[in-house]
Visitor: 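Pasting a structure below so you can have a look.
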Number of protein chains: 2
Amino acid sequence: MSLYSPLEDRQLLAVDCVIYGFDNHELKLLLIKRNMEPGKGMWSLMGGFSKQNEGLYQAAERVLKQLTGLQNVYLEQLFAYGDVDRDPGERVVSVAYYSLIKIEDYDKDLVKENNAHWRPVSDIPDLVFDHREMVDKALKRLRRRARIQPIGFELLPEKFTMPQLQSLYEAIYQKDLDKRNFCKKIISMDLLDKLDEKDKSSSKKGAFLYRFNPEKYQELVSKGFYFSVDV
Amino acid sequence: MSLYSPLEDRQLLAVDCVIYGFDNHELKLLLIKRNMEPGKGMWSLMGGFSKQNEGLYQAAERVLKQLTGLQNVYLEQLFAYGDVDRDPGERVVSVAYYSLIKIEDYDKDLVKENNAHWRPVSDIPDLVFDHREMVDKALKRLRRRARIQPIGFELLPEKFTMPQLQSLYEAIYQKDLDKRNFCKKIISMDLLDKLDEKDKSSSKKGAFLYRFNPEKYQELVSKGFYFSVDV
DNA sequence: TATTTAAGTGTTAAAATTACACTTTAGTTT
DNA sequence: AAACTAAAGTGTAATTTTAACACTTAAATA
């Protein structure tokens, strides 16, 4: 028996995931073309109901894994959407999360099964319910976060080049950056290990590969360091 | 009948409010000394259950009004807390909100009825459940927001002096600020109307009163202006 | 009228940000 | 093998922003 409140106050709780990827040119979202009601045929975020015996964050992890096969990736709560009529089916409160994944890593079969597709953030189709609001808020959040926390690396492969990193920031902020200033700033923070390898996929000369060093970052943070990229 | 999911997936949803006030010296929170179970005798945030026919934000507004009598004040969603065992009574997901109120305005009788008290943020007692987490996150959020959005004014009377405003920022960031630099920066943003009145309550000379001008702010924002205070 | 107390005000030095263009590398073409 | 191409890599100077700092003013009170 409940300590609290009658059955009629109990509500359906869902989680929805805004999933970001970066293909070296554009920032993209993984969206579902729904083949179930409500909103059949429309685009939506991947979502699912939150279970009684599972934390909200765990529910988001489960939903993310269901679609991408990925675990232990960047996943952060965005906002709880609780307007009475947000879902035309019935009252559902949805907690949105956003995730940053390495676009090479996801499970192609699962994505196909779920009828999901990568869509550039600059060209998001109409979405069901209030999912467009979620997407807009997620983009604002990413833009706020990415300049003050080293989360951009979550969208890049383990090893990446300076031009790749710059192009990621340019994609996030839709703004051209000066490569000298950008590189200077990034290098000066001393968070990256420069490798002896080059990536030659995008130029004859090749570009040196770098790797984000989380230990260095933690070390610096404990000394009062604040990550910051000028955009 | 439900389109969706069985009854056993329905959950209790609550809202909790972190309520800030500023008494010209300290930043304070309005906390409840609970006289009901669970956690009877302990301190907690003011909260309540979210109803089926009421949006989350409306639930937070209702709870805030229940305790303070106030409506149409600054109220923003903080975070949804959804760990399975966060409430020892039973599974309850709680969406925390934080509010900034003018400390003169609240309804003293309601506060007394609810057994609530103002406590300085520098001296928060032990709190029930995960309310301490909520409080900590709220303070971080306030600190992040107050330097980039003109929300400090929500904690001050309609008319306030420059020293009052400075003292508010000093209370939020627990840091002494240089009054010349502070004043210069605030004035330079051109968001305040300087009145011909002085407040003499804290000095013989008296200090000029100012008023935040939201229209000016909106006007500037539409031209690409970003509020910012150095702390 | 002398004293007290908080309000009010400007300048200079340091640091951070922005603007800007040529050289290097190595594969490809002639 | 020499010339060409295309992206990577690199430094300096000007500007803007931030930080540091101390005396004068106003008005009530003694």
Side-chain angles (χ1 to χ4, degrees), chain A residues 23-25 146-148 156-157 159-171 173-211 220 223-231, chain B residues 23-25 146-148 156-157 159-171 173-211 220 223-231:
Chain A
D23 67 359
N24 277 339
H25 297 284
R147 65 162 75 198
I148 57 173
L156 295 174
K159 302 174 182 181
F160 53 86
T161 67
M162 214 39 87
Q164 258 182 300
L165 183 62
Q166 180 176 343
S167 139
L168 169 64
Y169 276 88
E170 290 177 333
Y173 296 101
Q174 287 293 295
K175 190 165 174 245
D176 288 345
L177 302 175
D178 179 285
K179 66 177 167 175
R180 279 170 295 190
N181 294 337
F182 181 81
C183 181
K184 208 185 314 171
K185 178 69 181 233
I186 296 289
I187 297 287
S188 77
M189 286 192 283
D190 195 31
L191 299 170
L192 302 186
D193 295 331
K194 184 175 188 174
L195 308 179
D196 285 328
E197 278 172 272
K198 280 188 163 186
D199 173 282
K200 299 214 171 167
S201 62
S202 71
S203 80
K204 298 156 189 171
K205 181 177 177 180
F208 278 103
L209 286 163
Y210 291 82
R211 187 159 41 200
L220 286 168
K223 290 178 186 159
F225 167 80
Y226 290 95
F227 179 90
S228 125
V229 178
D230 315 314
V231 289
Chain B
D23 68 0
N24 277 339
H25 298 283
R147 65 161 75 199
I148 56 174
L156 294 174
K159 302 174 182 181
F160 53 85
T161 67
M162 213 36 88
Q164 257 181 302
L165 184 62
Q166 179 174 343
S167 139
L168 169 64
Y169 276 88
E170 290 177 333
Y173 295 100
Q174 286 294 295
K175 192 166 174 243
D176 289 344
L177 301 175
D178 180 286
K179 66 177 169 176
R180 279 170 295 189
N181 293 338
F182 181 81
C183 181
K184 207 185 314 171
K185 179 68 182 234
I186 296 288
I187 297 287
S188 77
M189 286 193 284
D190 195 30
L191 300 170
L192 302 186
D193 295 331
K194 185 174 187 173
L195 308 180
D196 284 329
E197 277 172 89
K198 280 189 162 186
D199 172 282
K200 298 215 174 167
S201 62
S202 71
S203 80
K204 297 156 189 170
K205 182 177 177 180
F208 279 103
L209 287 163
Y210 291 82
R211 188 160 38 201
L220 286 167
K223 290 178 187 160
F225 167 80
Y226 289 96
F227 179 89
S228 126
V229 178
D230 317 313
V231 289

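Residue numbers start from 1 in every chain, and the chains themselves are labelled A, B, ... in the order their sequence lines are given, proteins ahead of strands.
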Visitor: Looking only at the side chain of A/Lys179 (C-beta and beyond, no hydrogens), which of the listed nucleotides D/dA19, D/dT10, C/dA7 gets closest?
Guide: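 For A/Lys179, the side-chain atoms sit closest to D/dT10.
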Visitor: Counting side-chain heavy atoms from CB outward, which of D/dT18, C/dA7, D/dA22 is closest to B/Ser203?
Guide: C/dA7
Visitor: Give the nucleotide from the list C/dC20, D/dC21, C/dT17 with an atom nearest to the side chain of A/Asp230.
Guide: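 Nearest to the side-chain atoms of A/Asp230, counting from C-beta on, is C/dT17.
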Visitor: Between C/dT18, D/dG9, C/dT11, which nucleotide has the shortest distance from any of its atoms to the side chain of B/Lys184?
Guide: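 Output: C/dT11.
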Visitor: In whole angstroms, how far is the P atom of C/dC20 from the CZ atom of A/Phe182?
Guide: 20 Å
Visitor: Of the candidate nucleotides D/dA28, C/dA7, D/dG9, which contains the atom at the shortest distance from the side chain of A/Ala207?
Guide: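 Selected nucleotide: D/dG9.
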Visitor: Whole angstroms only, please: what is the CD1-P distance between B/Ile186 and C/dA7?
Guide: 16 Å
Visitor: Does the base of C/dA21 carry an N or O that pairs as donor and acceptor with the side chain of A/Arg180 under 3.5 Å?
Guide: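 Present.
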Visitor: Any idea which of C/dG8, D/dA8, D/dT12 is nearest the B/Phe208 side chain?
Guide: C/dG8
Visitor: Could you give me the CA-CA distance, side-chain angles and deciding distance for B/Asp199 and B/Phe160, then say whether side-chain contact (heavy atoms from CB on, under 4.5 Å) is met?
Guide: CA-CA 8 Å; B/Asp199 172 282; B/Phe160 53 85; over 6 Å; no
Visitor: What's the closest nucleotide to the side chain of A/Ser202 if the choices are C/dT9, D/dA20, D/dA8?
Guide: D/dA8
Visitor: Of the non-hydrogen atoms in A/Gln164 and A/Leu156, which two are nearest, and what is the gap between them?
Guide: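 Scanning both residues, the minimum pair turns out to be O-CD2, 4.4 Å.
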Visitor: Go through the steps to decide whether B/Tyr210 and B/Met162 satisfy the test side-chain contact (heavy atoms from CB on, under 4.5 Å), and finish with yes or no.
Guide: CA-CA 7 Å; B/Tyr210 291 82; B/Met162 213 36 88; 3.7 Å; yes
Visitor: I need the CG-P distance between A/Leu177 and C/dC20, as an integer number of Å.
Guide: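 It works out to 15 Å between those atoms.
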Visitor: Of all the nucleotides listed (C/dT25, C/dG10, D/dA27), which has the minimum atom distance to the side chain of A/Lys205?
Guide: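 Nearest to the side chain of A/Lys205 among the choices is C/dT25.
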Visitor: Any idea which of C/dA6, C/dT28, D/dA22 is nearest the A/Lys204 side chain?
Guide: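 Within the option list, the nearest is C/dT28.
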Visitor: Begin with the C-alpha distance, continue with both residues' side-chain angles, and end with the deciding distance and a verdict on side-chain contact (heavy atoms from CB on, under 4.5 Å) for A/Leu191 and A/Phe225.
Guide: CA-CA 11 Å; A/Leu191 299 170; A/Phe225 167 80; 4.2 Å; yes
Visitor: Can you tell me the distance, in whole Å, between the CG atom of B/Asp178 and the P atom of C/dA14?
Guide: 17 Å
Visitor: Calculate the interatomic distance between B/Asn181 atom CG and C/dA7 atom C1'; express it in whole Å.
Guide: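 Taking atom C1' of C/dA7 as the reference, CG of B/Asn181 is at 16 Å.
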Visitor: Starting at atom CG of B/Asp199, determine the distance to atom C1' of D/dA26, rounded to an integer number of angstrom.
Guide: 15 Å
Visitor: Could you check how far CD of A/Gln166 sits from C1' of D/dG9, rounded to whole Å?
Guide: 12 Å
Visitor: Scan A/Lys200 against the nucleic acid and name what it touches under 4.0 Å (heavy atoms): base, sugar-phosphate only, or nothing.
Guide: sugar-phosphate
Visitor: I'd like to check A/Asp230 versus A/Asn181 (side-chain heavy atoms, cut-off strictly below 4.5 Å). Are they in contact?
Guide: no
Visitor: How close or far is atom P of D/dA26 from atom CG of B/Asp196, stated in whole angstroms?
Guide: 16 Å
